[in-house]
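Below is one structure, written out as structure tokens; comments come after it.
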Amino acid sequence: MPELPEVETTRKQLAPAIVGQTIATVAIHAGAERLAMTHAPRELEAQLSGRTIEALTRHGKYLLAALDDGRTWVLHLRMSGSLVVAPVDEPHRYERARVTFEDGTILRFNDLRKFGTWHLVEDPRDAMPNVGPDAVSEAFTTAWLRDQLGRRSVAVKSALLDQKVAAGVGNIYADEACYIAGVDPRTSANTLGPRRVARLHDAVVEALERSLTDGGTTFSNYVDGLGGEGLHKTRVHVFRRDGEPCDRCGSIIRKIRLGGRGTHYCPRCQRR
DNA sequence: CATGACTCCTGTTTGC
DNA sequence: TGCAAACAGGAGTCAT
């Protein structure tokens, strides 16, 4: 569910509440044991307890909590996760884990589908193999995108979903980027010319940054670090707008399946 | 290496 | 109306 803008919004809201704080206790609830990727659940709880969070950063859709022992706690929300700092102790139906800090602050990891993951590692790269440059970083360049797309024959939309190509892009922003660039999402990645790749690069960044200024997008159950909804829903061009008119040309937005994912596009504005 | 099918889990939407 | 299948913002594993 959460993509780069949603994870970044969560990071910004969580940071003031937890950076500099020391973890008192961690509880990974029964039934959510698979959350713990690098250790047994009880062992991970013990290893995190007593640690101080020195920084909270993000790479793609991963949150990275730098700890005072030099290790990094890497969290991923996958499809349905959210991290919420709760001012009061109200239970959440899908709370899978809870972190309590020494000052009493409570951080909840809520996750309906239980796909979320926690890694505790020496080197954060160990927790995110096959992940390329963050899509809103300097490292994500037109040249990089041209090289990566040139190596793939899959549909360009599917290529954009590959975290090696552009870390942080998910289904919403892959569709939005193709729309903004005027590219049919089914186009083979390695058939795009350099000018269209450049447009697509700029479109990826534009789609993500537009959403970032709105605090992300909420479609079903995403909530930000304070439990609020993102505002970007009202500003998407195509995602989940099938049957509605394109706001550029008025054609009806279509929905198809591409690489197993729902894909939305304007049949007139987006060309092969 | 690249690709596509399958898997994890639970709730909601769609189609007959 | 009711039920079963398909679908949901992700990504790892496996066979090819």
Side-chain angles (χ1 to χ4, degrees), chain A residues 1-10 28-38 58-63 74-83 92-97 109-119 126-132 135 147-178 185-186 188-191 204 207-208 211-212 214-224 229-233 235-243 255-264:
Chain A
M1 150 193 100
E3 305 180 30
L4 188 153
E6 293 75 37
V7 177
E8 177 62 14
T9 299
T10 295
I28 295 168
H29 304 327
E33 293 82 4
R34 300 179 69 102
L35 175 64
M37 302 299 286
T38 51
R58 181 192 57 75
H59 186 97
K61 301 170 196 170
Y62 293 85
L63 279 171
V74 181
L75 303 87
H76 198 298
L77 303 173
R78 291 290 185 101
M79 293 283 270
S80 58
S82 61
L83 279 164
H92 185 283
R93 186 174 175 189
Y94 302 115
E95 178 177 308
R96 306 304 185 193
F109 190 89
N110 303 323
D111 185 9
L112 185 154
R113 294 177 71 179
K114 303 186 193 176
F115 288 166
T117 56
W118 287 4
H119 291 74
D126 295 342
M128 33 187 206
N130 318 316
V131 172
D147 175 71
Q148 289 296 309
L149 294 184
R151 298 169 184 274
R152 291 156 219 264
S153 59
V154 288
V156 63
K157 187 265 176 86
S158 301
L160 287 177
L161 287 177
D162 187 333
Q163 298 301 290
K164 178 71 184 179
V165 174
V169 174
N171 211 32
I172 298 175
Y173 302 104
D175 281 1
E176 292 297 308
C178 287
R186 297 167 294 186
S188 273
N190 58 14
T191 63
V204 166
L208 294 170
S211 179
L212 274 168
D214 293 341
T217 304
T218 296
F219 274 98
S220 54
N221 52 17
Y222 165 77
V223 291
D224 61 30
E229 295 198 347
L231 300 176
H232 191 66
K233 176 165 48 178
R235 297 182 57 182
V236 293
H237 293 109
V238 290
F239 189 78
R240 291 203 187 175
R241 288 197 62 229
D242 44 304
K255 179 177 182 181
I256 57 172
R257 284 196 84 68
L258 213 177
R261 311 299 300 276
T263 298
H264 314 74

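Predicted model, so just to flag it, every value in this text is computed and none were measured. Computation of the quantities below employed the complete heavy-atom set of this structure, encompassing side-chain atoms and omitting hydrogens, waters and symmetry-equivalent molecules. Numbers restart at 1 for each chain; the letters A, B, ... are given by sequence-line order, proteins then strands.
Residues satisfying the ring-ring contact (aromatic ring centres under 6.0 Å, His included) test with H76(A), not counting sequence neighbours, are Y62(A). When the side-chain contact (heavy atoms from CB on, under 4.5 Å) test is applied to S158(A), the partners found at least two apart in sequence or on another chain are V154(A), A155(A), L258(A). In this view, S153(A) and N190(A) satisfy the side-chain contact (heavy atoms from CB on, under 4.5 Å) rule, not counting sequence neighbours.
Nucleic acid contact class of S153(A) (heavy atoms, under 4.0 Å, all strands): sugar-phosphate only.
L212(A) and P5(A) get closest at one heavy-atom pair: CD2-CA, 3.7 Å.
For Q163(A) (side chain) and G170(A) (main-chain N/O), no donor-acceptor pair under 3.5 Å exists by modelled atom type. In terms of modelled atom types and a separation under 3.5 Å, the side chain of N110(A) and the main chain of R93(A) share no donor-acceptor contact. Between the Q148(A) side chain and the K164(A) main chain, no donor and acceptor come within less than 3.5 Å of each other. Listed for the E176(A) side chain is a donor-acceptor partner under 3.5 Å among the backbone atoms of F239(A). Remark: side-chain polar atoms of S80(A) are not paired, donor with acceptor, to backbone N or O of D111(A) under 3.5 angstrom. For R241(A) (side chain) and G243(A) (main-chain N/O), no donor-acceptor pair under 3.5 Å exists by modelled atom type.
As a whole-Å value, the separation of E95(A) CD from dT10(B) C1' is 17 Å. Look at NE2 on H76(A): it is 4 Å from P on dA11(C), rounded to the nearest Å.
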With B for base contact, S for sugar-phosphate-only contact and - for none (protein heavy atoms under 4.0 Å), nucleotides 11-16 of chain B reads S-----

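Remark: K114(A) is not in phosphate contact with dC8(B), judged by side-chain N or O atoms under 4.0 Å from OP1 or OP2.
Non-hydrogen atoms lying under 4.0 Å from DNA chain B are contributed by nothing in residues 156-165 of chain A.
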Intra- and inter-strand pairs of DNA chain B in dot-bracket (Watson-Crick or G-U wobble, both distances under 3.5 Å; | for another strand): .|||||||.|||||||

